[in-house]
Amino acid sequence: MRKYDFKDIEKKWQKFWDDNNTFATSKDYSKPKFYALVEFPYPSAKGLHVGHPRSYTALDIVARKRRMQGYNVLYPMGWDAFGLPTENFAIKNHIHPEIVTRDNISRFKQQLKNLGLSFDWNREVSTTDSSYYKWTQWIFLQMFKKGLAYKKEMAVNWCTSCKCVLANEEVVNGKCERCKSDVIRKNKSQWMLKITEYADRLIDDLDSVNYINPVKIQQKNWIGRSYGAQVEFNTTAGDKLEIYTTRPDTLFGATYMVISPEHPLIDKWKDNIENIDEILAYRETVSKKSEFERSEMNKEKTGVRIVGVNGINPVNDKEIPIYVSDYVLMSYGTGAIMAVPAHDSRDYEFAKKFDIDIVEVVSGGNIEKEAFTDCSSGKLINSEFLNGLTVEDAKMKMLKWLEKNKKGKAQTNYKLRDWVFARQRYWGEPIPIIHCPKCGEVAVPENELPIKLPNVSDFEPTENGESPLSKIDEFVNVKCPKCGCDAKRETDTMPQWAGSSWYYLRYCDPNCNDALASQKELNYWLPVDWYNGGMEHTTLHLLYSRFWHKFLYDIGVVSTKEPYAKRTSHGMILGQNGEKMSKSRGNVVNPDDIVNEYGADTIRLYEMFMGDFEKSAPWSSSSIKGCRRFLDRVWSLQDILQGDSIRPEFEVSLNKMIKKVTDDIENMKFNTAISSMMAFINEVYDSKVVTKEEFRILIILLSPFAPHIAEELYEVLGYGGYVHEQDWPNYDADKVKDDAVEIVIQICGKIKSKLTVPVDINQDEVIKLAKEDEKIKAELKEKKIIKEIYVKNRLLNIVVK
RNA sequence: GCGGGCGUGGCGGAAUGGCAGACGCGCUGGUCUUAGGAGCCAGUACCAUUGGUGUAAGGGUUCAAGUCCCUUCGCCCGCACCA
């Protein structure tokens, strides 16, 4: 037998698959389809991370298995290639981002090919190709036409280093998610997408998809729907002050009000407010705090009472003070609240500090000590017509009262904000809009798409924060498509999330010229059957792409309400020391090195074996040797090959292995699938023989995990054909059971003895046999049997006194 | 603070409420070898003498709990005053 030369073997089969287009998606639409999707990578200059293959190998295994089970499988790959790091790299090194992107893609592609992943490379897409972003722009135009894309002057998150607007989601602890620089607030007119219009559907339709639970929960929390009431309070200044509350039942307990420092009524009341200087000074201090400081400050509440204007509680006409405090946000609800210190912990803290009345209106807590916020127990008190009701009933009754007396109405609010959809950068999709002095914002005619990025040498952001595109006159100056007069092109570009919001649609028909993909292909392939990706994309990419899909559904482009039928998530791979891999920690593992030293099959196997797929796991350079050793042992089975058919005494373990591997792949329990194959070959080695058919089944089961060695062995052993063409083995349900089983005999739940009995024997026989057992006899002596519990093929528990 | 998850040998991790520690790493001993950082074989939770104890700690449900319920502690992730 020749040595297991993984380098030759892997090179040989990778070339074979490439030359023969082995994994090209079939056009045979009569077959059942299976669309497997993994998040396409951002091709950074750093190259592939060992985390990438974890996700890609997992669905590669599923895809390969499904092909062998007769499905028409689409398993594509592409590049999410617009984005800041490439642009910053380009600026620093004076290389055009297009060239940087091209080089990075070719490196990534080679690295992926070295892993033997069965992607259909004929369907490769890149978000930076103009034939691709033509359709990104097209989707934007459809949103613009439906009023979902709009411009708005607003305070935006401004990264001082990137010189760029960030979405709320991209700001982490007041710092830019990418470069960690300070983020400040800046007023700017920005393109926005009205994702809030889809908030309800983005929550409610989660019921129709098979996502792992944490993903559903995170999406729901992010959207943050709450049901409550909008209530009008009169003020002594005459103006009405609107507040939002989720606890209309506690209105009788409202002892003061709070408005946000940015609230416009402050300016209106300038002349009524006796301490206006103090209020404006407070507003000034607050505005100077960065978002980060503001959240750091949340230990101690601050605020100032407005002297000269009071609010009037609509339910009892009592005058109550109004405060200004930064614990109320202008961006949520109405920017004003009624404060019920007895039943809200923030209001409680504030009231204690400013010595404001605390009126208990729900019994059951101890308001001397803390706010009572529990809604499930307690009855209303001190609340006139609500007294004695539960919180739920009181809410309903108060809502009716408010509506009847025209003091308020039911109102649903969301934490979700509209999506800031513009970046003042070069390396992104140009927004296809023209600003005309007469017609305003005008859509670029669809036949002029794509609006290509002009090829320039200077892509540094401008000092005033405008996009570098604004410096290019021939790009900027155009005629208005409507009236023909001189107009200017929009120079902002789209955020990185744009291209990744619909890439799974393009894979269905990547070369389509007259639509983002043809109806026929979309109808056949949608929805994605299984989408795996990281938890870090749950609130950004996943939400955005669901939003775009729903919009495309509404305008008739796609026929499913949801893009992804199933969403799973892989855990992170940590460094050897259990910390996140990073250059600064010096714990980065380069997949190329592992492929070189151990081979692609070994790294694939190891990443699937290292632990629970959904949990993070530290890299171990010694554990990986065990996986390599296993492949060596599989290879060496050739030494003990003897005989043809499956030996009768191996029927059971073979069928058990088939069942285990088959089921475990579907449940993403790749680690135990592999361990069952390890256990099988250990058993085979103990018998010193493997037969041709036993070996063949093992090779087929192993092939999705370690495809190169499997192809090679299949060929070398002369089974005929290729392993990837074989049918996935079925197990025989009758043969996954042993003839005899070992049954545990317990006395009062403690194991006292074990019996080997024929499978499926009945309770009476087991009890009879147990009572003949010497150890059990001794245990039962002078004891009274109270109860006998028999679990078939497992145990007998005798309870005695 | 809120939401989610987790806590099992020296390590990664297995266990439809039914034999805790599968499988792998590491370690120990043996074997083959000029050699072994290769291979193969055996052993490997803890305490002790038959036997007993063990799944973060404590309590509960059950004939039976790593698994279900309650309390506490610790770690990880997400969100940060969302009224």
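Values below: every heavy atom of this structure, side chains too, minus hydrogens, waters and symmetry copies. Lettering follows sequence order; numbering is per chain, from 1.
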In whole Å, what is the span from the [atom1] atom of [X] to the [atom2] atom of [N]?
{"X": "K216(A)", "N": "G4(B)", "atom1": "NZ", "atom2": "P", "result": "16 Å"}
{"X": "N793(A)", "N": "C19(B)", "atom1": "CG", "atom2": "P", "result": "13 Å"}
{"X": "L574(A)", "N": "C11(B)", "atom1": "CG", "atom2": "C1'", "result": "14 Å"}
{"X": "D663(A)", "N": "U16(B)", "atom1": "CG", "atom2": "P", "result": "13 Å"}
{"X": "I259(A)", "N": "C81(B)", "atom1": "CD1", "atom2": "C1'", "result": "17 Å"}
{"X": "Y685(A)", "N": "G39(B)", "atom1": "OH", "atom2": "P", "result": "12 Å"}
{"X": "Y327(A)", "N": "C2(B)", "atom1": "OH", "atom2": "P", "result": "18 Å"}
{"X": "Y348(A)", "N": "A83(B)", "atom1": "OH", "atom2": "P", "result": "21 Å"}

Test log, rule side-chain contact (heavy atoms from CB on, under 4.5 Å), inputs H263(A) and L241(A): CA-CA 10 Å; H263(A) 203 285; L241(A) 180 51; 4.0 Å; yes
Would one find more than 12 heavy atoms of other residues, nucleotides or ligands at under 6.0 Å from atom NZ of K775(A)?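 Count not over threshold, so no.
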Using a 6.0 Å distance limit plus a 45 degree cone around the ring axis, check whether K301(A) lies over the aromatic ring of Y327(A). yes
F354(A) six-ring centre to R305(A) NZ/CZ under 6.0 Å and within 45° of normal: no
So [X], base contact, sugar-phosphate only, or nothing? Heavy-atom distance under 4.0 Å.
{"X": "T245(A)", "answer": "sugar-phosphate"}
{"X": "D612(A)", "answer": "sugar-phosphate"}
{"X": "R628(A)", "answer": "nothing"}
{"X": "V799(A)", "answer": "sugar-phosphate"}
{"X": "Q746(A)", "answer": "base"}
{"X": "D632(A)", "answer": "nothing"}
{"X": "S226(A)", "answer": "sugar-phosphate"}
{"X": "S676(A)", "answer": "nothing"}
{"X": "K220(A)", "answer": "nothing"}
{"X": "E742(A)", "answer": "base"}
{"X": "I751(A)", "answer": "sugar-phosphate"}

Considering just the side-chain nitrogens and oxygens of [X], establish if one lies under 4.0 Å of OP1 or OP2 belonging to [N].
{"X": "N671(A)", "N": "A14(B)", "result": "yes"}
{"X": "N797(A)", "N": "U62(B)", "result": "no"}
{"X": "R629(A)", "N": "G39(B)", "result": "yes"}
{"X": "Y332(A)", "N": "A83(B)", "result": "yes"}
{"X": "K625(A)", "N": "G39(B)", "result": "no"}
{"X": "R794(A)", "N": "A15(B)", "result": "no"}
{"X": "K660(A)", "N": "A14(B)", "result": "no"}

Closest-nucleotide 5' rank along RNA chain B - winner of Y244(A) and K775(A):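 Result: K775(A).
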Does R225(A) or P214(A) map to a spot on RNA chain B nearer the 5' end, using the closest nucleotide for each? P214(A)
Which value, in whole Å, describes the distance between the [atom1] atoms of nucleotides [N] and [M]?
{"N": "C19(B)", "M": "G54(B)", "atom1": "C1'", "answer": "15 Å"}
{"N": "G7(B)", "M": "U55(B)", "atom1": "C1'", "answer": "9 Å"}
{"N": "U67(B)", "M": "G18(B)", "atom1": "C1'", "answer": "11 Å"}
{"N": "G30(B)", "M": "A20(B)", "atom1": "C1'", "answer": "30 Å"}
{"N": "G66(B)", "M": "A15(B)", "atom1": "C1'", "answer": "9 Å"}
{"N": "C41(B)", "M": "G24(B)", "atom1": "P", "answer": "11 Å"}
{"N": "G9(B)", "M": "A80(B)", "atom1": "P", "answer": "36 Å"}
{"N": "C11(B)", "M": "G4(B)", "atom1": "P", "answer": "30 Å"}

What's the closest nucleotide to the [X] side chain, out of [options]?
{"X": "A617(A)", "options": "A83(B), G13(B), C81(B)", "value": "G13(B)"}
{"X": "I217(A)", "options": "G18(B), G4(B), G12(B)", "value": "G4(B)"}
{"X": "T672(A)", "options": "A14(B), G18(B), C81(B)", "value": "A14(B)"}
{"X": "M678(A)", "options": "C81(B), G24(B), G3(B)", "value": "G24(B)"}
{"X": "K669(A)", "options": "C81(B), G12(B), A15(B)", "value": "A15(B)"}
{"X": "I789(A)", "options": "C81(B), G4(B), G18(B)", "value": "G18(B)"}
{"X": "S675(A)", "options": "A15(B), G13(B), A22(B)", "value": "A22(B)"}

Please examine the side chains of [Y] and [X], heavy atoms only from C-beta on, and report whether any two atoms are closer than 4.5 Å.
{"X": "Y282(A)", "Y": "S325(A)", "value": "yes"}
{"X": "L542(A)", "Y": "W222(A)", "value": "no"}
{"X": "Y323(A)", "Y": "I259(A)", "value": "no"}
{"X": "E742(A)", "Y": "L755(A)", "value": "no"}

What residues, two or more places apart in sequence or in another chain, satisfy salt bridge (Lys or Arg N to Asp or Glu O under 4.0 Å) together with R283(A)?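 Result, salt bridge (Lys or Arg N to Asp or Glu O under 4.0 Å) vs R283(A): D267(A).
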Could you give the distance from CD (Q219(A)) to CG (L202(A)), rounded to the nearest 0.5 Å? 7.5 Å
Base C6(B) paired with K615(A) side chain (donor-acceptor, <3.5 Å): no
Less than 3.5 Å between a donor and an acceptor, one on the side chain of K754(A) and one on the base of C19(B), is that the case here?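 By the distance-only test, yes, there is a pair.
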Students often mix this up, so state it plainly: with edges at 30° and 60°, are the rings of F350(A) and Y256(A) parallel, tilted or perpendicular?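 Because their plane-to-plane angle is under 30°, the rings of F350(A) and Y256(A) count as parallel.
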Kindly label the base of G9(B) as syn or anti, based on whether its glycosidic torsion lies within 90° of 0. syn
List RNA chain B stems (3 or more consecutive Watson-Crick/G-U pairs, under 3.5 Å)? B:1-7 with B:73-79, B:10-12 with B:23-25, B:26-31 with B:39-44, B:45-47 with B:51-53, B:56-60 with B:68-72
Looking only at non-hydrogen atoms, find the nearest pair between Y244(A) and G333(A) and report the distance. CB-CA, 4.3 Å
